[in-house]
Amino acid sequence: MTSTPFGVDAFDAASLMFQTQEPTEGQRWSTWPATIPTERGPEPRPDWVVTSAAAIDTELGVVKTGKEADLHLIERAVPGTGPSVILAAKRYRGPEQSDFHRSAIYTEGRGIRRSRDVRAVEKSTTFGRAVARVEWATAEFAALSRLWSLGAPVPYPVQVHETEVLMEFIGSGRVAAPRLAQVRADASELYDLFRQVVEFMRLLARAGLTHGDLSPYNLLVHEGRVVAIDLPQVVDLIANPSGFDLLHRDCVNVCAWFTRQRLECDAEELFGELVGEVGF
């Protein structure tokens with residue numbers, strides 16, 4: 001097969017030669033060809049992932065804004081009768097838009113490769129804040145990839161490109177699934193949701209991890225299934241000195257919400273159970 005730039009295979013190159021539609025305002029060429037294999041989601045990839053270099057990304061609007069990142073909705077599609085998919089694009093803001101901050105408690109036990117980058121992040125220079133955004137985008141993509149491979153209920157991570165993480169959109173049509181905090185459920189439904197959350201926490205604990213910031217606001221409920229989101233701070237329980245404190249906090253946050261919904265939950269009991277699952 002004839003080699004082509006940016007990992008574009010011969011089929012895509014031919015498609016591009018006959019492409020008559022160019023991106024217009026609110027569109028761009030798919031960024032998939034600009035990524036390298038380590039910036040793409042784990043294999044086997046779901047059938048719905050569009051990898052054609054002939055695809056165009058169309059902005060559909062903002063799903064949610066945050067202090068550090070905004071969640072956008074895009075359609076990646078090959079014009080005409082080609083495949084298309086709705087994706088969530090989490091974009092960490094640039095240094096000119098916000099004062100990026102994440103507690104250092106989450107990054108203990110991690111490392112930034114270049115000493116120049118480490119110094120810049122510690123001093124919170126403009127360059128350092130830009131480095132931090134790329135690091136957090138990369139960390140979230142890595143966490144999603146690892147958890148997906150473990151079978152955890154998380155969105156499939158399609159790719160990471162600079163400060164943007166593209167992932168599976170959890171929702172119906174263009175409407176995002178509600179957060180657990182927004183769900184009103186009867187006793188049996190509530191128990192099933194609690195069981196799913198605990199199973200997610202148990203799966204992480206067995207892998208030596210905890211979410212680190214788990215709450216009913218970063219758990220979605222789609223068609224009765226709990227899906228965890230907002231994962232850049234996933235903590236290694238062994239490498240991070242605060243790992244078990246963060247696991248305990250996750251247990252307290254989860255049990256506090258379910259208790260308010262009149263479902264009995266003991267945070268200390270849950271914490272003890274999860275600690276027993278951790279593989280040392």
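Because only heavy atoms are used, hydrogens play no part in the values below, and waters and symmetry mates are left out as well, while side chains stay in.
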Tell me the disulfide (SG to SG under 2.5 Å) pairs involving residues 147-258, sequence neighbours left out?
-> Cys255-Cys265

Should Leu214 and Leu219 count as side-chain neighbours, where that means a heavy-atom distance under 4.5 Å?
-> yes

4.5 Å side-chain heavy-atom contact, Trp136 and Thr163 | no

Do Arg76 and Val50 come within less than 4.5 Å of each other through their side chains, counting heavy atoms only?
-> yes

Looking at residues at least two apart in the chain, or sitting in another chain, which of them share a side-chain contact (heavy atoms from CB on, under 4.5 Å) with Asp245?
-> none

Between Thr35 and the options Glu162, His161, Gln159, Arg40, the side-chain hydrogen bond (donor to acceptor under 3.5 Å, both in side chains) test singles out Arg40

Might you work through the salt bridge (Lys or Arg N to Asp or Glu O under 4.0 Å) test for Arg91 and Glu140, ending with a clear yes or no?
-> CA-CA 11 Å; Arg91 295 168 183 163; Glu140 179 150 31; over 6 Å; no

Under the ring pair (Phe, Tyr, Trp, His ring centres under 6.0 Å) rule, what pairs show up with a residue in residues 173-205, not counting sequence neighbours?
-> Phe194-Phe258

On a heavy-atom basis, the closest approach of Ala207 and Arg146 is O-NH2, 3.3 Å

Among pairs that include at least one residue of residues 35-62, which meet ring pair (Phe, Tyr, Trp, His ring centres under 6.0 Å), considering only residues two or more places apart or in two chains?
-> Trp48-Tyr156

Could you walk me through whether Glu135 and Thr138 pass the side chain to side chain donor-acceptor pair (under 3.5 Å) check?
-> CA-CA 5 Å; Glu135 289 290 327; Thr138 301; 5.9 Å; no

Asp57 side chain near Thr31 side chain, heavy-atom distance below 4.5 Å = yes

Find out whether Asp250 and Met201 are in side-chain contact, i.e. whether some heavy atom of one side chain is under 4.5 Å from a heavy atom of the other.
-> yes

In sequence, state the C-alpha distance, the side-chain angles, and the governing distance for Asn253 and Ser215, and then conclude on side chain to side chain donor-acceptor pair (under 3.5 Å).
-> CA-CA 6 Å; Asn253 287 344; Ser215 80; over 6 Å; no

Could you give me the CA-CA distance, side-chain angles and deciding distance for Asp70 and Lys90, then say whether salt bridge (Lys or Arg N to Asp or Glu O under 4.0 Å) is met?
-> CA-CA 6 Å; Asp70 296 327; Lys90 186 170 183 179; over 6 Å; no

Rounded distance [0.5 Å steps], CG in Leu237 versus CZ in Phe244 | 5.0 Å

Could you name each residue pair satisfying side-chain hydrogen bond (donor to acceptor under 3.5 Å, both in side chains) that touches residues 256-265, not counting sequence neighbours?
-> none

Can you tell me which residue pairs pass the ring pair (Phe, Tyr, Trp, His ring centres under 6.0 Å) test with a partner in residues 63-82, sequence neighbours excluded?
-> none

